Undergrad: 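Handing you this structure, nothing more for now.
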Amino acid sequence: IGKPISDDRFFGRTKELRQLDFFVSNSQSIVVVAPRRYGKTSLVKKYLSGVKDKLVIEIDLMRFAGIREFSDALIDKALENIGYKKAINQ
């Protein structure tokens, strides 16, 4: 099983990157669906590497057994992305 590819090995997918940007720019939730090993994670990571001016939360849903764990992770990630969690820990 491979890992997501890094920036230097990522190429193409320009249309998909533009679509992601369109949906994020229009405050739309996004779910990326494809069979295993089609590059979903690499695509999302490539997009996120260029996002600086938007609040984007990336969560791997496979980690959670239930809604409570997911909800906690979502809140933690949102707070972390806006810098709130850092202020609490200092």
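Model, not experiment: these values are computed from the prediction.
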Undergrad: Mind running side chain to side chain contact (heavy atoms under 4.5 Å, CB included) on Tyr47 and Val24 for me, showing each step along the way?
TA: CA-CA 10 Å; Tyr47 176 74; Val24 170; 3.5 Å; yes
Undergrad: Could you measure the distance from the OG atom of Ser25 to the CG atom of Asp53? Nearest 0.5 Å is fine.
TA: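 Nearest 0.5 Å value for the OG-CG distance: 7.5 Å.
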Undergrad: If I compare all heavy atoms of Ile59 with all of Leu74, which pair ends up nearest, and what's the gap?
TA: CD1-CA, 3.5 Å
Undergrad: One pair to check against side chain to side chain contact (heavy atoms under 4.5 Å, CB included): Asp60 and Arg63. What are the steps and the verdict?
TA: CA-CA 6 Å; Asp60 180 358; Arg63 300 181 348 184; 4.2 Å; yes
Undergrad: Looking at CD1 of Ile82 and NZ of Lys77, how far apart are the two atoms once the value is rounded to the nearest 0.5 Å?
TA: 13.5 Å
Undergrad: I'd like to know if Phe11 and Val44 are part of one continuous hydrophobic network [Ile/Leu/Val/Met/Phe/Trp/Tyr, side-chain heavy atoms within less than 4.5 Å].
TA: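 No; Phe11 is not reachable from Val44 via cluster members.
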Undergrad: Side-chain contact, heavy-atom cut-off 4.5 Å: Asp21 with Val51?
TA: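 Side-chain contact under 4.5 Å: no.
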Undergrad: Between Lys40 (side chain only) and Val33 (backbone N and O only), is there a donor and an acceptor less than 3.5 Å apart?
TA: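 A pair under 3.5 Å: no.
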Undergrad: Checking the side chain of Asn26 only, and the main-chain atoms of Phe22 only, is there a donor and an acceptor separated by less than 3.5 Å?
TA: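 Yes, the answer is positive, given that a donor and an acceptor are paired below the 3.5 Å cut-off.
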Undergrad: Tell me, please, which residues at least two apart from Lys45 pass side-chain hydrogen bond (donor to acceptor under 3.5 Å, both in side chains).
TA: Glu58
Undergrad: State the CZ-CZ distance between Arg13 and Arg18, to the nearest 0.5 angstrom.
TA: 13.0 Å
Undergrad: Determine yes or no for a side-chain-to-main-chain donor-acceptor pair under 3.5 angstrom, with Lys52 supplying the side chain and Ser49 the backbone.
TA: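 Judged by distance alone, yes, a pair lies under 3.5 Å.
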Undergrad: Following the transitive rule for hydrophobic clusters with a side-chain heavy-atom cut-off under 4.5 Å over Ile, Leu, Val, Met, Phe, Trp and Tyr, establish whether Leu43 and Tyr38 coincide in one cluster.
TA: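 Different clusters.
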Undergrad: Write down the atom of Phe64, the atom of Phe70, and the distance for their closest heavy-atom approach.
TA: CD2-N, 3.7 Å
Undergrad: Say you draw a straight line from CG of Leu48 to CD1 of Ile57; how long is it, rounded to the nearest 0.5 Å?
TA: 11.0 Å
